[in-house]
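By convention in this document, chain letters (A, B, ...) are assigned in the order of the sequence lines, proteins followed by strands, and residues within each chain are numbered from 1.
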Number of protein chains: 2
Amino acid sequence: MPVTIRDVAAASGVSIGTVSRALNDYPDVSTVTRERVRAAAAELGYVPNQSAQFLSSKRLTSIALIISGFLEDKVFNDFDIMLTRGAFQFATEHDVPISLHVTNSREQAERSLDQLCFEHNVSGAIVFGLRTDDPYCESLSRSTTPCVTVDVPVPGERVGSVVLDDCAAASEMTDYLVSCGHRRIAVVHGSRTAVVSVERMEGIVRSLRSHGIELRDEDVIYTNFTHEEAFEKVGAYLDAHPEPRVTAFLCMSDLLALGTIQAIQRRGLSVPEDFSVTGYDGISLAGFVSPAITTVDQNVQTKGYEAARLLCDMISGRREACRVVLPHSLRKGGSVRKISR
Amino acid sequence: MPVTIRDVAAASGVSIGTVSRALNDYPDVSTVTRERVRAAAAELGYVPNQSAQFLSSKRLTSIALIISGFLEDKVFNDFDIMLTRGAFQFATEHDVPISLHVTNSREQAERSLDQLCFEHNVSGAIVFGLRTDDPYCESLSRSTTPCVTVDVPVPGERVGSVVLDDCAAASEMTDYLVSCGHRRIAVVHGSRTAVVSVERMEGIVRSLRSHGIELRDEDVIYTNFTHEEAFEKVGAYLDAHPEPRVTAFLCMSDLLALGTIQAIQRRGLSVPEDFSVTGYDGISLAGFVSPAITTVDQNVQTKGYEAARLLCDMISGRREACRVVLPHSLRKGGSVRKISR
DNA sequence: TTGAAAGCGCTAACAA
DNA sequence: TTGTTAGCGCTTTCAA
């Protein structure tokens with residue numbers, strides 16, 4: 001039989017109201033009583049029932065992490081787990097109850113964020129896994145519950161976002177390649193339509209231009225962000241140009257970089273001796289393969305952490321909904337080498 | 001303002017009791033009323049508040065997934081995410097509310113499973129991330145709340161477990177290597193004390209013996225399950241034996257196999273031409289590197305799925321607490337080759 | 001077939 | 001400083 005507040009009250013000889021006040025550190029309880037109640041609670045192993053707390057309290061702030069498409073098959077889900085870790089870490093450190101909810105587009109269509117939050121008694125949510133063209137975005141922007149989207153900025157009075165400056169990051173990576181002496185660079189592109197790809201491309205082109213380098217159309221290799229496609233398309237590119245046109249492949253994700261490296265190695269060439277290769281994302285895989293992939297670390301765990309922080313700040317009114325741009329970092333591996341010009 | 005059952009009652013002109021019965025498919029509601037209530041609920045966008053349901057209902061069963069050490073730094077967390085996916089998948093498919101809780105040893109010491117379950121109104125839990133020598137195991141075995149442990153069997157009236165037959169799996173892997181013509185095999189060992197390692201070693205030795213092969217002490221390379229250690233120790237082993245003693249390395253995890261492959265490649269040798277290498281676990285990484293690692297797929301997602309199933313069965317009384325042994329599978333990559341004897 | 005009402009365990013406003 | 005009590009939103013008797 002579970003121990004309720006009533007048991008603690010009986011054991012310490014006070015009323016349930018006093019127990020509640022004592023345990024919640026209200027000021028108007030005598031030290032003696034507080035101690036007695038605490039002792040009794042500890043003795044009995046009392047833990048308050050969260051549902052009851054949620055139900056009766058107006059001020060309790062618990063948050064939710066909503067991951068869209070979590071259950072769909074994905075080849076790689078470093079992102080989901082790192083983001084979850086970051087958010088849970090913040091919540092744990094700050095004693096904020098947090099819950100994880102997985103959704104899909106069907107569910108999102110029939111249940112608004114407001115509804116979901118009411119259903120689970122949460123006062124705000126972090127929304128992850130949205131795609132830019134997701135119909136849920138529009139629904140979110142009308143939400144009255146505070147929320148924070150990750151990666152995809154969504155307009156709305158109560159909607160904050162945590163994003164990366166993809167353009168700047170891609171630009172930096174390009175600068176780095178150029179500083180290593182690379183002037184003929186191929187780009188392994190993620191997707192013609194995805195916003196991240198467009199942003200990254202913008203950054204690449206901007207950097208190249210600033211160095212007086214032009215990117216030729218035939219040196220842009222389009223994929224759909226899959227490892228296999230990179231392997232095949234880069235392979236075809238290499239076969240089409242036995243006399244190497246470029247010295248480096250700048251890839252829009254680590255998985256693409258991996259496919260690229262494998263295509264190169266399959267042809268008896270090596271990285272970074274024959275070609276330098278860079279990635280983007282900073283998934284753990286990038287550090288495990290050899291050579292380790294030089295990449296833009298998105299710091300996904302930090303993203304989760306900061307998303308939780310922003311949300312909690314919004315809920316408590318300490319901060320307005322806003323767009324937070326997180327720092328990225330260049331992680332150097334062995335996949336790039338300096339070349340003499 | 002959130003929509004409550006009272007709003008639905010008012011809108012459909014019945015009492016809240018009737019709304020509850022109509023929406024929960026009780027038989028004693030007239031079809032007309034039921035439809036009217038449903039329509040009103042849909043119209044208003046009503047969703048029941050879970051906390052209130054939990055609090056008032058005796059029969060509602062929700063489950064929890066408790067991950068121990070989730071927030072601790074781990075190089076690789078494929079397991080956490082796959083297990084979570086499996087459990088959430090089962091719960092979603094069977095309409096069982098599920099929640100994720102992360103704990104650590106400190107928290108486990110001060111809060112028993114019973115307490116945690118009462119706190120969150122759950123009727124049972126899947127416990128993942130336990131180590132064999134974890135003091136929490138003992139606490140679990142006295143638990144009155146039904147629970148299912150993953151990987152680590154724990155005795156107890158109300159404790160079920162979902163495990164792999166590590167001995168058999170390792171045995172199969174060894175059989176496979178032998179069937180490919182390998183008779184001189186080195187073992188890259190995980191940890192002298194971990195139960196999984198002991199089990200796997202048992203399987204390996206048993207298989208070898210059945211083929212009349214003896215494993216020499218100097219061909220067992222001990223590590224602590226880290227990638228770096230495998231890289232170094234296998235490297236040292238290779239350096240110590242320029243005239244190869246063995247044709248294959250049987251590793252106790254995929255990460256060890258990766259380190260082993262890199263040590264081999266670093267010396268200008270190649271896999272599988274010079275040495276065959278096998279892993280264990282079936283993490284996604286194993287499929288991405290080249291050559292893809294031949295490994296024992298633990299089917300972690302299935303583990304999560306089956307753990308949830310067992311737990312729900314135990315809660316509803318359909319099944320007793322028991323130990324479920326899940327099937328593993330050999331996943332063949334390019335890291336092993338057949339050799340002529 | 002329905003409505004009224006008693007809780008589930010807790011917080012918070014109000015009295016004392 | 002404390003006890004009493006009215007809910008929070010829901011389910012589930014018990015009557016009608």
(request) Rounded off to whole Å, could you give me the CG-to-P distance for the B:Asp28 and C:dT1 pair? (result) 7 Å
(message) Assess, by modelled atom type and distance only, whether the side chains of B:Tyr46 and A:Gln115 contain a donor and an acceptor separated by less than 3.5 Å.
(response) no
(message) Let's see if you can work this out: which of C:dT1, D:dG7, D:dT11 has an atom nearest to the side-chain heavy atoms of A:Ser56?
(response) D:dG7
(message) Does B:Thr33 reach a base, just sugar-phosphate, or nothing at all? Heavy atoms under 4.0 Å.
(response) sugar-phosphate
(message) Let me spell it out: for each of B:Ser30 and A:Asn24, pick the nucleotide of DNA chain C with the closest heavy atom. Which residue's pick is nearer the 5' end?
(response) B:Ser30
(request) Step through the shown structure and confirm whether more than 12 heavy atoms of other residues, nucleotides or ligands are within 6.0 Å of CD on B:Glu138. (result) no
(message) Tell me whether the side-chain N/O atoms of B:Gln53 come closer than 4.0 Å to OP1 or OP2 in D:dT11.
(response) yes
(message) Output the rounded distance in Å from CZ (A:Phe118) to P (D:dC8).
(response) 11 Å
(message) Side chain of A:Arg6 only, heavy atoms from C-beta on: which candidate in C:dG9, D:dC10, D:dG3 is closest?
(response) C:dG9
(request) Could you check which of C:dT2, D:dT12, D:dC8 has an atom nearest any side-chain atom of B:Val29? (result) C:dT2
(request) Check the pair A:His101, A:Thr103 against side chain to side chain donor-acceptor pair (under 3.5 Å), reporting the backbone distance first and the verdict last. (result) CA-CA 6 Å; A:His101 304 273; A:Thr103 61; over 6 Å; no
(message) Tell me whether the rings of B:His94 and B:Tyr305 are parallel (<30°), tilted (30 to 60°) or perpendicular (>60°).
(response) perpendicular
(request) Take A:Thr31 and B:Ser57, find for each the nucleotide of DNA chain D with the closest heavy atom, and name the residue whose nucleotide sits nearer the 5' end. (result) A:Thr31
(request) Classify the side chain of B:Arg21 and the base of D:dT13 as holding, or not holding, a donor-acceptor pair under 3.5 Å. (result) yes
(request) With the side chain of B:Ser15 defined as its heavy atoms from C-beta on, choose the nearest nucleotide among D:dT11, C:dG3, C:dT1. (result) C:dG3
(request) Give A:Asn49 one of three labels, base, sugar-phosphate or nothing, depending on what nucleic acid heavy atoms sit under 4.0 Å from its own. (result) sugar-phosphate
(request) Anything under 30° is parallel, anything over 60° is perpendicular, the rest tilted; go ahead and classify A:Phe70 against B:Phe88. (result) perpendicular
(request) On DNA chain C, check which nucleotide each of A:Thr18 and B:Phe54 is closest to and give me the residue with the more 5' one. (result) B:Phe54
(message) Base, sugar-phosphate or nothing for B:Ser20? Non-hydrogen atoms, less than 4.0 Å.
(response) base
(message) What is the distance, to the nearest angstrom, from the CG atom on A:Asn121 to the C1' atom on D:dG9?
(response) 9 Å
(message) How many whole angstroms separate atom CD of B:Gln50 from atom C1' of D:dG9?
(response) 13 Å
